[in-house]
Trainee: 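My structure is below; once you've seen it, I'll send some questions.
All of these numbers come straight from a predicted model, not from anything done at the bench.
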Amino acid sequence: MRNKYFKYICLLSLGAFCYSCSDDNTENAGGGSGEGEQGIEQEIVRSYKLGTLAGFEGDLRTKMDIPFTQSTVMYNRSLFYRYIASAYSDQIAPEPPITPEAEEPKKQVYPSPITEADWWDNFVEEIAYSGQDYVAMNCRGEASGVDHGRPTLLPKMIEAIKRKGLENKFKIAIFDDTPASWSAARNSHLGYGYDSKPFKNGTRVEGSHYPLLFLDPEKEDQKGPGNEFRKEIYYYIWDTNLKPAFENMPRDYWFEINGRPVIFFWNPNGFLQDSYLGELMTKYPNKYVSTTGLDYTKADAYNGKLSYILKCISDDFNAEFGVRPFLIVQREWTDRDYSLVDCPYLDGIHNWFAVPTMDMSEDVYNENLIYNTYIPSYNFKGFKVGSGCPGFVQGERSRPNYQFIDANHGKFATKMFESFLNMKPDLVFLEGFTDVAENAAWWRSKDRTYYDYPNQRINLLRKYGNHPFPMEQRLEAEACDFCYEGTVSGNKIETSLTEQEMTNAPEQFVVKRCEDSKYSGGWHTDLTAEDLNTLKWKELPFRSGQNTIRFRYSSNTVATVSCLIGDTMAKSISLPATGGTWEEAEVAIYSRDTRGYADLNLIVSEGEISLNYVEIIAEK
C-alpha cells in the first residue's frame, strides 16, 4: 500500500527544507513603492508577508505571569504585567523566588486594576509596533465553554485596535489549534472533560477520541443534515470555531492572500490516533476497523478524509462569506492523508520547526539545531512558507531531556531571518508572539537571561518585516528599554550605569495609569529632574532627512527636556506647565543622510513631567 503513494512522498520531499544564512546587508532595498503609506523614499521590499501566532486564552490575559511552573522557568514574562505592578505596587505581593528547589510554584495573580481592555490595548499596540503584516489568532472553539481561545472574544481585539488608533496597521489570520478545537473542546462538550484523551468517572472512554478513523465522512455526509460526521466531528471544526471566528471580525481586518482569508491548521495527530487505538483494534477487531483498510500504525490511515474536511470548510466558507479561504496545514497532515498532495482546497503547508533536547549527543543536537529549528522555505504547489521561533526553553525543571534553543541575545532569530531573505518564501509564519510557556515569545519582556533589553525581539520583527522604516512611530513611555538617572554634560547624556546595570521604567515603579483621552490613555511614566529622569530606546529605525520628535506630556511645572539620538544631542527645550491636562510639543529635529538605526535617550533636566508617549515623524 505504501508503494502506491511513493510518488506523493517524493513530491512532498521536494519542498525546500534547508538551512541557509546570508551575509547580505539586511537593508536589501527593493525598488517598489512599498506598503502602508511609507512615503516616497525607496522602500525595503521582502518576498514575504510576515506574522506570528498569538494566544489569547484566559490565563494568559489575566494571570499568566507566574515566575515558573513545575515544568519550566518562565524567563520571557511580559513587560505588560510590570506596568500593573508599578501602578498598583501596594496591592501586589512580592514575587516568589525563582529557585529549582521550590516544591510548588506560587501563582502571581494580579488584582482588579488589570482589565480586559488593558490586556487587549497593550497586545494590539505591541503587534502594531513590531511592524508585522498579520497576526494569527489561536482559536480553539466555543463548544467547551472554557476560556481557551474563544473566537467570540475577537471583537475585544477589534475594539482595542480602534481605541489605540491602529486601524490598517496589521491584519488578522485564524489559527485552528486542532488538538484543542477538534478534540479537547469536543470531549468537554460531550462530558469527557477538557482533555485530548477523554475520561468519564476516571475511566478512558473507548473510541470517543478517534471518531474519524471509523467513519467515512463523505459517505456519511451524503445522508443529509444531522449525520454523524456533521454532528460528531465537523460541528467542532466549523460551527463552533472557524465560522464564529470570521463572523466576529469585520472583513477589513482579515489577512488575505490573493483576496482569500488565511486559515492555518496545527498538527491533527492528537485528534487522530495514538497507541490506545492499537489496543482497541486488538481488543475489538471487528468493531474498530479502519475505513481505509489500513492498520493504525501505517501512514495514510485517513486517506481522503482530511481532504474532504478541507473541502467542507472551503465550500461552507464560500457559501457563508462569498469567498474561498486560503488553507495552510501543518506538514504532518500529509502523513495521515496522501490525497492532500492533489487536494484542490489546500493552498500551502507550513513545516513547523522541531526543538532538539538536551539529552542528545552534541553531534546529534547540533544537526537537529541546524536542520529542524526553522524552515526557510517549504514549497507546496509553488507557494513557499517559512517558519521558526526566536528561541525555546521548555521542561528543564522536571526532566533531563528538556527542549532548548538558545535565543543567544537575538542572534538565533537574526540567522533565521537572514535565511528567509536568502530563500525568499512567500509567507513567514512564526511561533509565538505570546508563547511565554515555552519561552518562545516575541513580546516585550524583562528577560535578561537570553536577551538584552525589552524591545529586542520586537525590533527584530520590524527590522525583517515589510515596514522596517515607518514614516511615523509612537513610542509608549512605559515600554522604554531603560530608565535611569542621567545628567546633561555638553553634547551627551551621562550616567555611571552600564546597560547591564539598568532596568526599565516599570521596574523602577514610575509607571502609572494614564487618564489621557487620546488613544485611550493606557499608562504614563513620571520623570523628575532630581531622580529618575531619563528614558532610553535601543536601535530605533530612522529615515533619511528630517525626523521630528514630539512628546505627549502633562506637567504642573515648567520643565526642561532634551534628546540624544545616536551621537546627536538636540538643544534643550522648555516645556510649559499644562495644569494637569495632556498636551503635545515638538522637542527635537533629528536629520540624517541615509536611513539607519540609532538609540534614543530623552532627559528631563529641570522640573518634572508625566510622559504618555513619544512620536517620531519623518518628512515625506
Side-chain angles (χ1 to χ4, degrees), residues 34-38 44-56 120 123-139 149 151 153-158 160-162 164 166-177 242 245-246 248-266 317 321 323-330 347-350 352 375 377-378 383-390 413 416-417 420 424-435 440-443 457-458 460-468 470:
E35 299 180 17
E37 299 180 354
Q38 293 268 357
I44 292 175
V45 178
R46 311 298 189 197
S47 69
Y48 51 77
K49 298 294 184 181
L50 182 147
T52 59
L53 171 64
F56 59 104
W120 285 108
F123 173 74
V124 300
E125 184 272 322
E126 291 198 29
I127 294 293
Y129 186 80
S130 68
Q132 298 178 67
D133 297 294
Y134 71 93
V135 59
M137 300 303 289
N138 191 348
C139 289
L153 293 179
L154 291 175
K156 294 183 181 295
M157 181 178 180
I158 305 301
I161 290 172
K162 294 178 179 178
K164 303 303 287 185
L166 299 173
E167 296 90 338
N168 302 316
K169 292 296 184 181
F170 61 89
K171 301 293 185 180
I172 304 171
I174 295 300
F175 179 85
D176 186 342
D177 191 355
L242 296 181
F246 284 92
N248 281 286
M249 288 194 302
R251 179 145 187 186
D252 288 347
Y253 291 89
W254 295 1
F255 174 59
E256 298 179 341
I257 294 176
N258 298 327
R260 298 165 57 198
V262 174
I263 303 175
F264 295 94
F265 295 87
W266 181 227
F317 200 104
F321 301 107
V323 63
R324 290 196 179 275
F326 197 95
L327 304 180
I328 302 174
V329 302
Q330 200 265 357
D347 301 285
I349 293 175
H350 66 90
W352 204 243
I375 316 302
S377 181
Y378 192 90
F383 186 81
K384 296 176 288 185
V385 181
S387 58
C389 68
M416 175 182 69
F417 281 122
F420 295 149
K424 296 183 174 15
D426 300 291
L427 187 72
V428 169
F429 178 43
L430 300 173
E431 173 85 310
F433 196 82
T434 58
D435 188 4
W442 293 90
W443 59 16
R457 283 161 288 186
I458 284 185
L460 283 169
L461 284 173
R462 180 173 55 196
K463 181 176 182 178
Y464 287 95
N466 284 291
H467 312 286

Trainee: Ring centroids only, cut at 6.0 angstrom: are Phe420 and Tyr464 within range, meaning strictly under it?
Mentor: no
Trainee: Would you check if the side chain of Arg260 reaches a backbone N or O of Pro325 as a donor-acceptor pair within less than 3.5 Å?
Mentor: yes
Trainee: To the nearest 0.5 angstrom, please state how far the CD1 atom of Ile349 sits from the CD1 atom of Ile375.
Mentor: 12.5 Å
Trainee: Can you measure from CZ (Phe264) to CG (Asp177) and round to the nearest 0.5 angstrom?
Mentor: 13.5 Å
Trainee: Looking at side-chain heavy atoms only, is the closest gap between Phe56 and Cys139 below 4.5 Å?
Mentor: yes
Trainee: Are side-chain heavy atoms of Phe433 and Asn138 found at a separation under 4.5 Å?
Mentor: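 No, side chains not in contact.
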Trainee: Of all heavy-atom pairs between Phe417 and Leu461, which one has the smallest distance, and what is that distance?
Mentor: CZ-CD2, 3.9 Å
Trainee: Evaluate the side-chain proximity of Phe255 to Leu427: yes if any heavy-atom separation is below 4.5 Å, no if none is.
Mentor: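 They are in contact (side-chain heavy atoms under 4.5 Å apart), so the answer is yes.
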Trainee: Run the side-chain contact (heavy atoms from CB on, under 4.5 Å) check on Phe383 and Asp347 step by step: do they pass?
Mentor: CA-CA 7 Å; Phe383 186 81; Asp347 301 285; over 6 Å; no
Trainee: Quick one: pull up NE2 in His467 and CD1 in Ile44 and give me the separation to the nearest 0.5 Å.
Mentor: 11.5 Å
Trainee: Under the 3.5 angstrom rule, does the side chain of Ser47 hit a backbone N or O of Pro425 as a donor-acceptor pair?
Mentor: yes
Trainee: What do the steps show when you test Ile158 against Asn248 for side-chain contact (heavy atoms from CB on, under 4.5 Å), and what is the final call?
Mentor: CA-CA 9 Å; Ile158 305 301; Asn248 281 286; over 6 Å; no
Trainee: State whether the number of non-hydrogen atoms from other residues, nucleotides or ligands found under 6.0 Å of Lys156 atom NZ is greater than 12.
Mentor: no
Trainee: Centre-to-centre under 6.0 Å for Phe429 and Trp352, is that the case here?
Mentor: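 Distance test on ring centres: under 6.0 Å, yes.
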Trainee: So, does Lys424 use its side chain to make a donor-acceptor pair with the main chain of Tyr48 at under 3.5 Å?
Mentor: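 Side chain of Lys424 to backbone of Tyr48: no pair is present.
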Trainee: Between the side chain of Thr434 and the main-chain N/O of Gly55, is any donor-acceptor distance below 3.5 Å?
Mentor: yes
Trainee: May I ask you to test the Pro151-Ile174 pair for a side-chain heavy-atom distance under 4.5 Å?
Mentor: no
Trainee: Would Leu430 and Met416 satisfy side-chain contact (heavy atoms from CB on, under 4.5 Å), going step by step from the backbone distance to the final call?
Mentor: CA-CA 11 Å; Leu430 300 173; Met416 175 182 69; 3.9 Å; yes
Trainee: To the closest 0.5 Å, what do you measure between CD1 (Ile127) and OH (Tyr129)?
Mentor: 14.0 Å
Trainee: Short question: side chain of Gln132, backbone of Phe170 - any donor-acceptor pair under 3.5 Å?
Mentor: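 Looks like no, no N/O pair under 3.5 Å.
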Trainee: Output yes when a side-chain donor or acceptor of His350 lies under 3.5 Å from a complementary backbone atom of Val428, and no otherwise.
Mentor: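 No, His350 side chain to Val428 backbone: no donor-acceptor pair under 3.5 Å.
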Trainee: Find the distance between CD1 (Ile263) and CZ (Phe175) and round it off to the nearest 0.5 Å.
Mentor: 12.0 Å
Trainee: Heavy atoms, side chains only, cut-off 4.5 Å: are Val135 and Met157 in contact?
Mentor: yes
Trainee: Look at the side chain of Arg46 and the backbone N and O of Asn466, then say whether any donor-acceptor pair between them is shorter than 3.5 Å.
Mentor: no
Trainee: I'd like to check Trp442 versus Pro390 (side-chain heavy atoms, cut-off strictly below 4.5 Å). Are they in contact?
Mentor: yes
Trainee: Evaluate side-chain contact (heavy atoms from CB on, under 4.5 Å) for Ile257 paired with Tyr134, printing each intermediate quantity in order.
Mentor: CA-CA 11 Å; Ile257 294 176; Tyr134 71 93; over 6 Å; no
Trainee: I need the Glu256 CD to Arg251 CZ distance, nearest 0.5 Å.
Mentor: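 The CZ atom of Arg251 is 4.5 Å from CD of Glu256, to the nearest 0.5 Å.
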Trainee: Quick check: does any side chain N or O of Asp426 sit under 3.5 Å from a backbone N or O of Lys384, one acting as donor and the other as acceptor?
Mentor: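 Checking the backbone N and O of Lys384 against the side chain of Asp426, a donor-acceptor pair under 3.5 Å is found.
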Trainee: What's the shortest heavy-atom distance between Val124 and Leu166, and which atoms?
Mentor: O-CD1, 3.5 Å
Trainee: Side-chain contact test, heavy atoms from C-beta onward, threshold under 4.5 Å: evaluate it for Trp266 versus Leu53 and give yes or no.
Mentor: no
